[in-house]
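Data block below; observations after.
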There are 2 protein chains.
Amino acid sequence: MAVARKPNAGVTELAKKTGLTKSRAYRLLHTMEQRRIIKRTSESTYGLGEAMLVLGITASTQTDVIRLATPILEELCQRVNETVQLRIVDGVEALCIAKAEPSRDLRVHANVGRRRPLYAGSPKCLLAFQPQEFIDRCVPLKPPALTAHTPKTRVAILEELTRIRRQGYCVSRGEVSDHQVSCAAPVFALDNSVVASIHVVAPAFRIRDSELEHIIRISTSAAERLSKSLGWSEDA
Amino acid sequence: MAVARKPNAGVTELAKKTGLTKSRAYRLLHTMEQRRIIKRTSESTYGLGEAMLVLGITASTQTDVIRLATPILEELCQRVNETVQLRIVDGVEALCIAKAEPSRDLRVHANVGRRRPLYAGSPKCLLAFQPQEFIDRCVPLKPPALTAHTPKTRVAILEELTRIRRQGYCVSRGEVSDHQVSCAAPVFALDNSVVASIHVVAPAFRIRDSELEHIIRISTSAAERLSKSLGWSEDA
DNA sequence: CCTATTCGTTTCACTGTACGGAACAAGAAA
DNA sequence: TTTCTTGTTCCGTACAGTGAAACGAATAGG
């Protein structure tokens with residue numbers, strides 16, 4: 001997992017990150033390389049290997065969230081005719097684990113595997129429903145201003161999170177990148193925890209208020225359908 | 001890996017498959033469950049867990065084959081306007097690790113993570129370039145007749161493999177499922193081994209001989225481009 | 001050019017971990 | 001009932017994997 005988190009790191013660096021001895025780290029890396037769990041990306045830097053790829057792809061067919069989400073994402077994508085993403089929390093970041101893209105020429109490009117900070121833009125939808133202790137750890141005191149619309153203070157972000165919890169969805173207008181609007185809705189599991197979020201991302205000029213409302217309506221409904229198929233049901 | 005290969009298996013079954021003691025198997029499963037590498041699918045049956053999903057998705061962004069293939073697959077998909085797949089050998093099967101689908105209504109559906117036997121249809125393209133010893137192990141004496149066009153004998157398959165090696169691509173007309181035509185081309189790595197194959201799958205009625213030739217031409221060229229971007233260069 | 005660090009790698013004696021075998025409870029089948 | 005299965009736990013011991021230290025080979029600094 002340390003290798004995944006920090007690709008192209010060497011033995012010493014990985015040993016430090018994980019708190020292992022250098023010799024232990026070295027030996028672990030050595031045997032994991034033999035088993036193809038990791039591979040050398042250059043002389044003495046490591047990355048995830050082929051075995052991990054195969055296991056991960058297999059995992060995605062055995063995991064409910066992905067299996068059930070795929071058709072829902074595709075339908076949503078077709079209805080809004082914009083790029084759709086499924087994200088989960090990994091570490092202190094949002095990780096895109098599935099996507100669907102429309103075939104129109106001008107669209108926002110999405111990438112499975114890409115990570116984003118949780119405290120800016122539509123990933124806030126994931127953050128909002130995490131334990132307060134986790135939220136406090138994730139939101140920086142001085143969030144970097146990516147665009148003119150990025151919330152400038154920690155307090156502003158925390159207030160936004162409260163609003164998201166209340167209204168049940170999140171809208172970001174050019175917060176993380178200009179000319180981009182995104183809308184996200186939370187996906188609940190049996191225990192009422194939020195396990196993922198569904199995002200619709202679109203070029204800003206195409207989204208007037210009326211379109212935005214339409215997108216909000218059907219993406220929250222898509223997220224709700226996914227929640228229900230995961231066993232969740234609506235109560236306090 | 002045993003859990004991946006055989007989902008919904010219990011302790012005893014997994015212990016047998018792996019040659020481990022029952023107590024060892026139990027303890028390994030127990031700690032892997034704590035680390036979220038695997039999860040219980042029911043009382044005492046196991047499947048791959050969330051950690052595996054995250055690692056696998058991360059691996060796919062760190063793996064050259066996938067990263068470089070994605071744009072090539074998408075371009076190929078657009079040019080042939082049919083479903084395109086990227087497959088690798090896993091165990092004695094072909095595993096689909098990436099795909100691209102056109103947006104037209106009638107198309108062959110593909111699924112990342114799906115496995116197919118290596119000895120029938122276009123996966124033969126992968127098999128053809130493996131070591132002879134491996135081929136012998138994979139091709140059954142009496143291959144099951146999936147359709148009227150499935151090769152009926154072991155010898156027929158072996159001859160087909162020779163032809164594939166000679167011509168550098170593989171065509172399957174309804175071998176694994178009626179009304180489906182597929183065409184595959186091998187992807188080479190630096191050491192001239194075949195690491196993957198690019199497949200174009202289409203409904204049979206749409207593919208006349210002239211279209212097929214066109215598909216063969218541009219899919220072999222796509223595979224060649226991918227090979228080259230992996231560091232391969234054409235020599236004996 | 002010579003230290004001073006840094007890196008990855010290897011050695012070695014030791015110890016604490018993870019092992020196998022057997023026993024256990026709880027079901028299911030005979 | 002008995003006799004198979006399951007999954008789970010116990011326990012004494014062997015030995016695998018450990019940490020610390022040493023090693024050679026780089027790179028950086030003065």
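Order of the sequence lines sets the chain letters (A, B, ...), proteins ahead of strands, with each chain counted from 1.
For the pair A/Lys17 and A/Glu13, the salt-bridge criterion is not met [side-chain N within less than 4.0 Å of a carboxylate O]. Here A/Asp136 pairs with A/Arg154 in a salt bridge; the nearest charged N to carboxylate O distance falls below 4.0 Å. Look at A/Lys39 and A/Glu50 and you find no salt bridge, because none of the NZ, NE, NH1 or NH2 atoms lies under 4.0 Å from a carboxylate O.
When rounded to the nearest whole Å, the span between CD of B/Glu13 and P of D/dG7 equals 9 Å.
Taking the six-membered ring where the residue is Trp, A/Trp232 and A/Phe188 present parallel rings, their angle staying beneath 30° rather than reaching 60°.
Under the side chain to side chain contact (heavy atoms under 4.5 Å, CB included) test applied with B/Glu93, the options B/Arg87, B/Arg115, B/Arg114 reduce to a single match, B/Arg115.
Residues from residues 15-40 of chain B placing a heavy atom under 4.0 Å of any atom in DNA chain C, listed by number, are B/Thr21, B/Ser23, B/Arg24, B/Arg27.
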